[in-house]
> 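Just passing along the structure, written as structure tokens.
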Amino acid sequence: GWRSGFVYQKLEGHPELGEEIFEVTKDARGAVSFRIEAWSRPSLWYVKLFTRWARTIQKAAAQSAAAHLG
């Protein structure tokens, strides 16, 4: 099998600080799976006001990726 992917971190000054992982794995039998994992927190005080909305958008983006890759 094999595994490939990338990680990126949000930089200082971005509305949120965090990290995201995108990974695709193929096992010895040929089954392919993927993983998207993210951690973040608001970096600016006023961004906290939109945290609930931002989480909704992030979840929708992850579900859309899953639908297109699955």
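Numbers here are sequence positions counted from 1.
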> Is the backbone N or O of P15 less than 3.5 Å from a side-chain atom of S43, with the two atoms forming a donor-acceptor pair by type?
yes
> Assess whether atom CH2 of W53 is packed by more than 12 heavy atoms of other residues, nucleotides or ligands within 6.0 Å.
no
> Out of curiosity, E19 CD to S40 OG, how far, rounded to the nearest 0.5 Å?
11.0 Å
> Quick one: pull up CZ in R3 and CG in D27 and give me the separation to the nearest 0.5 Å.
12.5 Å
> Would you kindly confirm whether I21 and F6 end up in one hydrophobic cluster when ILVMFWY residues are joined by side chain heavy atoms under 4.5 Å apart?
no
> Please say yes or no: joined through hydrophobic side-chain contacts below 4.5 Å, possibly via intermediate residues, are L17 and L44 part of one cluster?
no
> Indicate, with yes or no, if F22 and W39 share a hydrophobic cluster defined by side-chain heavy-atom contacts under 4.5 Å among Ile, Leu, Val, Met, Phe, Trp and Tyr.
no
> Give every donor-acceptor pair under 3.5 Å between a side-chain atom in residues 56-64 and any protein atom, sequence neighbours left out.
| from | atom 1 | to | atom 2 | distance (Å) |
| --- | --- | --- | --- | --- |
| T56 | OG1 | R52 | O | 3.0 |
| Q58 | OE1 | R55 | NH1 | 3.0 |
| Q58 | NE2 | E16 | OE1 | 3.1 |

> Please list, chain by chain and in numerical order, all residues satisfying ring-ring contact (aromatic ring centres under 6.0 Å, His included) with Y8, sequence neighbours excluded.
none
